[in-house]
Amino acid sequence: MAGLALGGPWATSATAAPSRAAAPVSCPERASVEVFREGGIPLLDWRENMEFDGRGRLWVSHVTKHRVEGYAADGRLTASFPVPGPGGIRRGPDGKMYVNFGVNPLTPHGGIMRFDPNADRPEPEKVVDGVTGINGLAIDAAGNFYVSRELATGILKFRPDGTRDEEWTKKANVFGTNGLEIIGDQLYASVLLNTASPVVRIPLNDPAHHTTVANLSTNPLDIKFLDDLTSFGGDLVVAGFRSGELLRLNPATGRSCVLVSGLRMPTSVRVPHAFGSHDPQRELFVVEASGRILKVRIG
């Protein structure tokens with residue numbers, strides 16, 4: 001699989017067959033959790049997504065307060081500006097930040113906005129407008145946007161100029177996707193409303209040939225309501241909103257384990273690239289619907 005260096009606790013041959021329904025066990029690594037930023041009233045203080053800009057700031061979408069927030073590595077709030085119902089947020093290949101808007105169901109419609117993370121007072125501008133029911137966001141090296149939809153079939157693809165790639169979307173006919181992550185030439189998507197809690201792999205150049213990497217629930221009562229996911233140490237780490245877990249998944253074998261449990265509705269997980277002294281090899285950041293921002297240290 002292009003662009004993916006296999007690692008983590010189960011590094012094996014890339015030709016190994018996925019284990020698609022094995023119940024996740026506890027990961028062998030020890031993980032500690034500390035609060036980076038306290039939350040408020042759960043659900044009312046819902047922080048939905050986040051991304052590091054590679055220049056020392058963490059950007060967080062606060063979906064219920066309709067704001068995007070910028071944090072320094074020491075936890076200080078350094079920027080805050082209005083965006084209606086912000087959701088998935090990612091850094092583009094041009095160094096600008098992109099954020100979905102209209103994710104909050106109380107907003108009439110949505111799309112994608114762009115802002116300059118270096119500006120003293122970022123002023124977001126619309127790149128895509130007039131779409132509904134969107135959530136997660138991924139951006140490839142060419143600047144194409146991929147947008148998930150929790151209650152619809154097909155991952156939306158928009159070209160850098162904001163026009164739709166309808167043929168690609170039609171072929172990427174996965175229902176109910178939430179988190180999105182690009183590794184090499186593969187797009188990985190978590191599926192929210194599926195009792196098997198699957199993670200799906202979609203080739204960027206051949207979206208019709210999407211496959212299930214693994215099912216992370218073994219029975220309907222164990223549905224995890226998978227949210228955002230990120231690449232970490234050659235594996236994927238997936239947030240389980242309902243289960244309160246971070247699950248580590250080897251995309252080559254389909255084997256998984258529970259890295260962290262006991263979280264309060266985790267919505268996004270990311271690696272802290274160029275964020276002060278935080279270690280991208282051993283740390284993860286998490287936001288929750290409780291409003292908390294957490295730091296997880298592995299090992």
Side-chain angles (χ1 to χ4, degrees), residues 48-55 59-63 66-70 79 81-119 121-190 200 202-208 210 228 268 270:
E48 170 63 18
N49 210 264
M50 62 177 169
E51 177 73 308
F52 296 89
D53 64 12
R55 298 184 178 92
W59 296 93
V60 177
S61 55
H62 199 310
V63 66
H66 303 281
R67 301 194 71 79
V68 168
E69 304 165 332
F81 55 89
V83 171
I89 183 168
R90 292 293 180 264
R91 181 176 183 266
D94 57 358
K96 300 293 181 64
M97 300 297 294
Y98 294 82
V99 58
N100 289 346
F101 70 94
V103 171
N104 188 319
L106 299 180
T107 51
H109 60 83
I112 304 171
M113 288 183 172
R114 173 177 56 213
F115 65 91
D116 183 354
N118 293 321
R121 295 184 177 181
E123 297 183 3
E125 58 178 344
K126 291 180 181 178
V127 178
V128 173
D129 198 4
V131 295
T132 59
I134 62 175
N135 192 298
L137 176 66
I139 309 173
D140 67 21
N144 296 297
F145 306 103
Y146 302 86
V147 178
S148 67
R149 298 185 292 176
E150 296 172 341
L151 299 175
T153 298
I155 298 169
L156 298 175
K157 179 181 178 181
F158 297 93
R159 302 178 184 91
D161 63 0
T163 58
R164 293 197 190 205
D165 189 335
E166 299 284 6
E167 187 64 23
W168 195 98
T169 294
K170 182 179 179 180
K171 292 177 180 178
N173 59 340
V174 182
F175 177 80
T177 54
N178 190 322
L180 300 175
E181 176 77 331
I182 294 174
I183 304 176
D185 58 2
Q186 308 291 320
L187 173 67
Y188 290 88
S190 61
V200 178
I202 304 106
L204 292 177
N205 297 323
D206 190 10
H210 51 80
D228 202 13
S268 182
R270 306 301 293 168

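Numbering of residues begins at 1 and proceeds along the displayed sequence.
Under a 4.0 Å N-O distance rule, the pair Arg55/Asp116 does not qualify as a salt bridge.
Not one N or O on the side chain of Thr132 forms a donor-acceptor pair closer than 3.5 Å with the backbone of His109. Although no hydrogens or angles enter the test, the distance criterion places no donor-acceptor pair under 3.5 Å between the side chain of His62 and the main chain of Val68. Listed for the Arg164 side chain is no donor-acceptor partner under 3.5 Å among the backbone atoms of Leu156. When atom types are taken as modelled, the side chain of Thr153 and the backbone of Phe175 share no donor-acceptor pair closer than 3.5 angstrom. For the pair Ser190 (side chain) and Gly179 (backbone), a donor-acceptor distance under 3.5 Å is present.
In this structure the side chain of Phe145 reaches within 4.5 angstrom of the side chain of Val127, judged on heavy atoms. Within the 4.5 Å cutoff, the side chain of Ser61 has no heavy atoms near those of the Met50 side chain. Asn100 places none of its side-chain heavy atoms less than 4.5 Å from the side chain of Asn135.
Considering every non-hydrogen atom in both Ile182 and Gly184, the closest pair reads CG2-O, 3.6 Å. Scanning all heavy atoms of the two residues, the minimum distance from Ile89 to Glu51 falls at O-CB, 3.3 Å. Smallest separation of non-hydrogen atoms from Gly136 and Ser148: N-OG, 2.6 Å. Across all non-hydrogen atoms, the minimal contact from Ala138 to Leu180 is CB-CB, 3.8 Å.
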Report the C-alpha distance between Arg90 and Asn49 in whole Å, list the side-chain angles of each, state the deciding distance to 0.1 Å, and finish with yes or no for side-chain hydrogen bond (donor to acceptor under 3.5 Å, both in side chains).
CA-CA 9 Å; Arg90 292 293 180 264; Asn49 210 264; 2.9 Å; yes
Evaluate the side-chain contact (heavy atoms from CB on, under 4.5 Å) criterion for residues Ile202 and Tyr146: first the C-alpha distance (whole Å), next the side-chain angles of each, then the deciding distance (0.1 Å), finally the verdict.
CA-CA 11 Å; Ile202 304 106; Tyr146 302 86; over 6 Å; no
Please step through side-chain contact (heavy atoms from CB on, under 4.5 Å) for the pair Glu48 and Asn104, ending with a clear verdict.
CA-CA 10 Å; Glu48 170 63 18; Asn104 188 319; over 6 Å; no
Can you check side-chain contact (heavy atoms from CB on, under 4.5 Å) on Val83 and Met113, steps first, answer last?
CA-CA 8 Å; Val83 171; Met113 288 183 172; 4.0 Å; yes
Apply side-chain contact (heavy atoms from CB on, under 4.5 Å) to residues Arg270 and Asp228 and explain how you reach the verdict.
CA-CA 9 Å; Arg270 306 301 293 168; Asp228 202 13; 4.0 Å; yes
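Ile112 pairs in a side chain to side chain contact (heavy atoms under 4.5 Å, CB included) with only one of the listed residues (Ile139, Ile134, Val147, Asp129), which is Val147. Checking Lys96, Met97, Glu125 one by one against Phe115, the side chain to side chain contact (heavy atoms under 4.5 Å, CB included) holds for a single residue, Met97.
Using bins of under 30°, 30° to 60° and over 60° for the plane-to-plane angle, the ring pair Phe81/Trp59 lands in the tilted bin.
With rounding to the nearest 0.5 angstrom, the OG1 atom of Thr177 is 8.0 Å from the CZ atom of Arg149. Separation of atoms CZ (Arg159) and CH2 (Trp168) is listed at 12.5 Å; rounding is to 0.5 Å. From Asp165, atom CG reaches atom CD of Glu167 across 7.5 Å, with rounding to the nearest 0.5 Å.
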